[in-house]
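Report on the structure given below.
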Amino acid sequence: MRKICIRVPVKMGERSRCVLLDHEILDPGYRIFSSDGYLYIPLIKEPSSIILDQLPECAEVKEQEFEKLNKKPTLEDLLGFVPQYEIVGDIAITESDPENENTVAEALLDVHPSIKTVIASVSPVEGEYRIRKYRIIKGRPTTETIHKEHGCRYFLDITKAYFTPRLSTERDRILSQISPGDVVVDMFAGIGPYSILIAKKSGAKKVVAIDKNPDAVVYLQRNVDLNRLYNVEVVESDAYDAADQYKNSADHVIMNLPHSAHEFLEPALRISKEGGIVHFYDIIHEDEMFEGSLRKIETACKRSNKSIQIRDHRIVRSYAPHQYNICIEFQVHGTEKPSA
Ligand SMILES: C[S@@+](CC[C@H](N)C(=O)[O-])C[C@H]1O[C@@H](n2cnc3c(N)ncnc32)[C@H](O)[C@@H]1O
């Protein structure tokens with residue numbers, strides 16, 4: 001394409017390019033090139049005398065053929081705004097917005113070649129199994145995918161079992177606390193993002209991955225196989241009922257069921273070894289932080305005749321206005337009296 005441009009000796013090219021950039025007159029859609037010791041810089045319009053005064057004296061305004069750059073447009077280029085979305089495997093999940101959703105879906109498919117399906121969430125995370133409802137907007141009509149995280153692969157159906165990539169950093173943080181030879185009980189394992197990561201990367205002797213949702217357990221077992229793991233015991237059960245089977249066995253107990261994990265504190269205390277660590281998640285209002293959660297832990301300890309030492313308390317992420325997903329980690333002391 002023939003364009004107006006600046007021609008300067010190559011050795012003055014960088015200085016000239018910066019002046020043109022500062023004045024927002026350089027055309028980024030075309031390739032700058034050099035020929036016979038000169039640099040040719042494409043412009044979006046004729047430069048003013050003020051701009052010319054800032055360029056080297058020998059700079060000349062010319063017309064020249066330029067090659068168009070195949071710069072991929074961004075979502076902002078295509079839509080004028082950046083929509084809210086997250087990516088699970090090759091699926092992009094957006095918030096439901098019937099007015100805009102087709103345009104947003106097309107832009108997402110254009111900008112991310114790895115995305116094959118765009119879906120919209122049409123319900124909150126709900127029910128005992130913490131599942132959301134979705135509607136497929138565009139692309140391949142499936143909600144099954146393989147998600148990669150920290151070198152592990154997870155096969156899942158986003159409509160059948162809970163999964164969020166937003167806890168990726170948190171999972172890595174928990175992994176960093178596990179030592180080779182540890183026994184870990186993941187009481188609410190879902191499709192396995194904590195269990196699989198720990199089993200694969202920590203050198204744990206055994207990870208017991210429990211979940212009540214039969215569909216989640218199918219994907220969990222497939223993920224154990226997909227990641228070629230031999231140290232994961234998959235258990236389809238209510239964590240409450242499974243607890244006695246793993247009494248005094250765990251160096252770490254993971255309780256990632258934020259809205260109701262407090263109801264399972266007593267079984268978690270039973271599962272923990274003397275000196276074991278419980279990773280307790282909760283959703284709490286900012287006015288109650290962290291006292292509300294600590295009260296629940298204290299009550300469970302009294303009932304279980306155990307004492308604990310708080311090791312850490314932190315905000316994991318904001319959950320809703322004025323509400324936070326938090327994690328409290330405590331070490332368990334005192335074994336339960338043997339039952340009569
Ligand atoms: C918030 S999800 C977390 C899943 C997984 N840890 C993750 O990070 O993706 C909670 C999981 O607990 C399971 N669950 C709910 N109640 C349960 C119970 N009583 N016993 C065992 N699992 C339960 C749900 O099916 C769900 O998969």
Side-chain angles (χ1 to χ4, degrees), residues 86-89 91 93 121 123-133 143 145-150 152-175 178 184-201 207-224 226-227 232-246 250 252-268 270-271 278-284 300 316-317 319-320 323-327:
E86 64 183 12
I87 296 178
V88 175
I91 300 177
I93 305 169
S121 52
S123 82
V125 175
E126 59 192 5
E128 192 177 23
Y129 298 159
R130 313 306 298 145
I131 299 173
R132 275 183 113 163
K133 292 190 180 74
T143 45
T145 188
I146 292 183
H147 184 79
K148 293 183 192 142
E149 185 181 283
H150 303 310
C152 303
R153 294 199 297 157
Y154 301 102
F155 184 50
L156 68 131
D157 186 328
I158 199 74
T159 62
K160 293 190 178 155
Y162 177 92
F163 179 78
T164 177
R166 290 187 198 166
L167 290 175
S168 160
T169 313
E170 175 62 9
R171 295 193 257 271
D172 203 30
R173 190 185 71 79
I174 300 293
L175 169 68
I178 315 291
V184 178
V185 176
D186 185 0
M187 291 176 77
F188 312 103
I191 59 115
Y194 283 85
S195 292
I196 303 271
L197 175 66
I198 289 167
K200 192 161 181 170
K201 298 279 177 82
V207 179
V208 179
I210 306 169
D211 205 283
K212 194 174 178 180
N213 173 0
D215 288 325
V217 171
V218 168
Y219 288 101
L220 173 60
Q221 184 59 60
R222 290 205 45 183
N223 291 331
V224 170
L226 189 63
N227 289 279
V232 183
E233 190 179 322
V234 173
V235 182
E236 182 185 328
S237 170
D238 189 307
Y240 211 102
D241 302 334
D244 279 349
Q245 201 182 328
Y246 299 98
H252 291 267
V253 182
I254 301 169
M255 302 187 72
N256 182 25
L257 181 62
H259 286 281
S260 33
H262 62 276
E263 293 166 18
F264 296 82
L265 275 162
E266 287 171 56
R270 280 206 290 284
I271 291 170
V278 175
H279 308 265
F280 169 73
Y281 291 92
D282 204 357
I283 302 284
I284 197 100
V316 176
R317 58 177 174 155
Y319 180 75
Q323 290 198 357
Y324 291 91
N325 181 186
I326 59 139
C327 182

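Counting starts at 1 for both ligands and their atoms, following the listed order.
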Any donor-acceptor pair under 3.5 Å from Asp282 side chain to His262 backbone: no

Output field: ring centroids Phe264/Phe188 closer than 6.0 Å: yes

Expected output: side-chain Asn227 to main-chain Arg153 donor-acceptor under 3.5 Å: yes

For atom 15 (C) of ligand 1, the protein heavy atom that lies nearest, with its residue and separation: Glu128 O, 3.1 Å

Region of Arg171 that comes within reach of ligand 1 [heavy atoms, distance under 4.0 Å]: side chain

Mode of Tyr194 contact toward ligand 1 - side chain, backbone, both, neither (heavy atoms, under 4.0 Å): side chain

Best match, Asp211, Leu220, Leu167, Asn213: closest heavy atom to atom 26 (C) of ligand 1: Asp211

Region of Ser260 that comes within reach of ligand 1 [heavy atoms, distance under 4.0 Å]: neither

Geometric class of the His252/His279 ring pair [parallel <30°, tilted 30-60°, perpendicular >60°]: parallel

Pair Leu167-Asn256, side-chain contact (heavy atoms from CB on, under 4.5 Å): steps then yes or no: CA-CA 10 Å; Leu167 290 175; Asn256 182 25; 3.9 Å; yes

Minimum-distance protein heavy atom relative to atom 1 (C) of ligand 1: Asn256 O, 3.5 Å

Any donor-acceptor pair under 3.5 Å from Asp211 side chain to Asp186 backbone: no

Ligand 1 to Lys212 polar contact by distance, N or O atoms, under 3.5 Å: yes

Residue portion contacting ligand 1 (non-hydrogen atoms closer than 4.0 Å) for Ala189: backbone

Under 3.5 Å: donor-acceptor pair, side chain of Lys201, backbone of His150: yes

Per atom 17 (C) of ligand 1, closest listed option by heavy atom (Tyr162, Tyr129, Phe188, Tyr154): Phe188

Any donor-acceptor pair under 3.5 Å from Arg132 side chain to Ser123 backbone: yes

Nitrogen or oxygen atoms of Pro193 and ligand 1 under 3.5 Å apart: no

Minimum-distance protein heavy atom relative to atom 20 (N) of ligand 1: Ala239 N, 2.8 Å

Ligand 1 to Thr164 polar contact by distance, N or O atoms, under 3.5 Å: no

